[in-house]
Amino acid sequence: MFLQRLKASRIAFVVVVLMATVVVAVVQRSATTSAQGDSSNWQTIAEQRGLTEADIRAAMMTYTPSGVMDEYLMFASGGHSGQVLVIGMPSMRLLRTIGVFTPEPWQGWGYGAGNDILAVGNPEGRALSWADTHHPSLSETNGDYDGQWLFIGDKANGRVAVIDLRDFETKQIVANPLFNNDHGGTFVTPNSEYIIEGGQYSMPIGGGYDSIDNYADTYRGIITLWKFDRDAGRIDTEQSFAIELPPYWQDLCDAGKLASDGWLFCNSINTEMATGGIELGNPPFEAGASRNATDYLHIINWRAAEAVFQEGATETINGMEVISLDTAIERDLLFFAPEPRSPHGVDVFPTGEFLVAAGKLDPHVTIYSFQRILDAIAAGTTETDVFGVPVLPLESVMEAQVELGLGPLHTQFDGQGYAYTSLFLDSAVARWSIGAEGYRPQDGWTLQGKIPVQYNVGHIATVEGDTVNPDGGFLVALNKWSVDRFTSTGPLMPQNLQLIDITQTADQLQLLYDLPITGAEPHYAQIIRADKLQPWLVYPEVGWNPETQSVDPNAVTPGTEGVTRDGNTVTVRMTAIRSHYTPERVEIREGDHVIWSITNLEQSPDATHGFAIPHHNINLSLEPGESQTVEFDATGPGTFSYYCTEFCSALHLEMTGYLIIQPAE
Ligand code: K7E
Ligand code: CUA
């Protein structure tokens, strides 16, 4: 664990070594002076740059020399970009973006590769080319990240994607047939049996039309449990099902684990069922949806729901099996408990014994005991909401409340008995002690300290923070605003991911590093130990199709290249290896339909070749061993120089060829 590796003695040792290295370097180089003075000495550099001792400590905690690997990887949502960002920690180096819901030119994603995956969920006659990714979720085995898969949801269009962590590429997108938005996704159950996708803004189930005047009657909430088939590495839509909920706005979910395995929890807002209409003189949503002093924490027995689904006690809507609200109530799989007003998120503790929700308009976090929830369910309750869902009295299920500050949102854990909650309005992260057996009973449920962040923090992520066994060490604050943190590049400012050292006492929580992120608002992130991942360096066999993760039947072997014609269909079989394509001339006719397979024969790490055809929107990235097939129509005559878009060798510029399309007549 990182914490243990950071004993003060070790830090002191590192300081001495660093200083000694600097001294040696200084002796070796003759004294260098510049216009800015002597900058060969680290103390002088620190002085000239105005660095404090704390700054130097921060630099030493994060500085990662060239060639040294990061200990952790953070998978952060790419927000509006529809992608996932992979960031090394503690260096905070951006290592990769993964094209998920949106085309990504460098990876060729959507420019000949993955086009069919990206097309899933396109409404008839409309092509989606963006997404709003919110919550990445690593696959789990026994409640621990296993480093095999990553899932992420698209809030804007109600979709879920599956990414294979052997090659960090998107393998599947499913579109929710019941709902065109989501937010409570994605979260996995402790063995990744299901990927949970909660909807957000209520609507008629199935996405059809109904007047908003019928809101309470026909608009509904939904939570979908997508069955993940590990062997296939895909969501099995046939084994997936959904649960109908009242038309509250279900927000964020989390799966129970250990003590609460088999259950899932979602917070909700707008239990007022406000329908807006400020222009008609109605209260705006912001007022109408925050009138109630409490909203409803949703408590769902997903194993009981699974049994109902397997019995077939469901109705089919748009091809998806749905457990009706009445069935959910009748079969005792849905319960509510009050939660402080306008909550955002619910987080299950590592042991699964407690869960915490925070109301944005309440300075406390509220901690629920899962045992008390079970006891309250067993005791029965006469109270229900207007739809007949049993409501468990707050005092019967609440374990504690801790006052933290303004705008508490999301909570994470460190494996040391502390929890951390982001405070949106305070722009701070609070550390509080968990006053329960197995955590820090001696400290009680108390606020320990806060660290300011810059600014408007949303989610926070600790190392392995959503597992049964958090690692501690670092916390990353994902801040919405950066305001004055960076040199201005105009009015649209970067979001700011801030790395925080949480190994010290509460008054010594230290901000270590700012990572500006552009292109998106990253909402959530998960951080995994890098040694849990075993990504491929090159594809296992030449001719590999990343979509099927097997050798492609169309893969081209050396000696079998060529151009063949069958009527108007032209098949091009091509290989790529430093520094040429075979063939280098492809001559076809206007009106031909072209099926072009290309295989990168390389087996050296990083020997990627690109393949681009001008004016046809085709641009592939062929990693070592990879094979791709693209199809297009030769709609007009012309001369097109296809070429390799990666500077792969000294003769890379010569890695080219001519596609010559003769006029039809
Ligand atoms: Cu931005 Cu989880 Cu979608 Cu909170 S969410 S901040
Ligand atoms: Cu291959 Cu440049």
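Atoms within a ligand are numbered from 1 in the order they appear, just like the ligands themselves.
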For ligand 1, the portion of Leu478 having any non-hydrogen atom under 4.0 Å away: neither
Go through the side-chain N and O atoms of Ser597 and Thr629 and say whether any donor and acceptor fall under 3.5 Å apart. yes
Which atoms of ligand 1 are found less than 4.0 Å from any heavy atom of His135? 2 (Cu), 3 (Cu), 5 (S)
Can you list the atoms of ligand 1 that are under 4.0 Å from a heavy atom of His459? 2 (Cu), 4 (Cu), 5 (S), 6 (S)
By number and element, which atoms of ligand 1 are closer than 4.0 Å to a non-hydrogen atom of His410? 2 (Cu), 4 (Cu), 6 (S)
What do you get for the angle at atom 2 (Cu) of ligand 2 between O on Glu646 and SG on Cys648, to the nearest 10 degrees? 110°
Presence of salt bridge, Glu169 and Arg96, under 4.0 angstrom: yes
Give the atom numbers and elements of ligand 1 that come within less than 4.0 Å of a heavy atom of His183. 2 (Cu), 3 (Cu), 5 (S)
Would Asp426 and Lys450 pass as an ion pair if we require N to O under 4.0 Å? yes
Using 2.8 Å as a strict upper limit, say whether an N, O or S atom of Thr608 approaches atom 1 (Cu) of ligand 2 that closely. no
Using a cut-off of strictly less than 2.8 Å, determine whether Cys644 has an N/O/S atom near atom 2 (Cu) of ligand 2. yes
Location of contacts on Lys155 toward ligand 1, heavy atoms closer than 4.0 Å: neither
Geometric cation-pi criterion Arg585 and Tyr658, 6.0 Å radius, 45° cone: no
Atom 2 (Cu) of ligand 2 - name of the N/O/S atom of His652 that sits closest to it: ND1
Can Asp132 and Lys155 be counted as an ion pair, charged N to O under 4.0 angstrom? no
To atom 1 (Cu) of ligand 1, the closest N, O or S atom belonging to His523 is ND1
Heteroatom of His609 nearest to atom 1 (Cu) of ligand 2 (N, O or S, atom name): ND1
Check Trp226, Phe265, Phe187, Tyr194 against Trp302 for a ring-ring contact (aromatic ring centres under 6.0 Å, His included) and give me the one that passes. Tyr194
Run the ring-centre check on His134 versus Tyr524 and record whether the distance is less than 6.0 Å. no
For atom 6 (S) of ligand 1, what's the nearest protein heavy atom and its distance? Lys480 NZ, 3.3 Å
Output yes if His134 passes the N/O/S-under-2.8 Å test against atom 1 (Cu) of ligand 1; output no otherwise. no
Verify whether the ring centers belonging to His135 and His459 lie closer than 6.0 Å. yes
With no hydrogens and no angle check, do the side chains of Gln526 and Asp466 hold a donor and an acceptor under 3.5 Å apart? yes
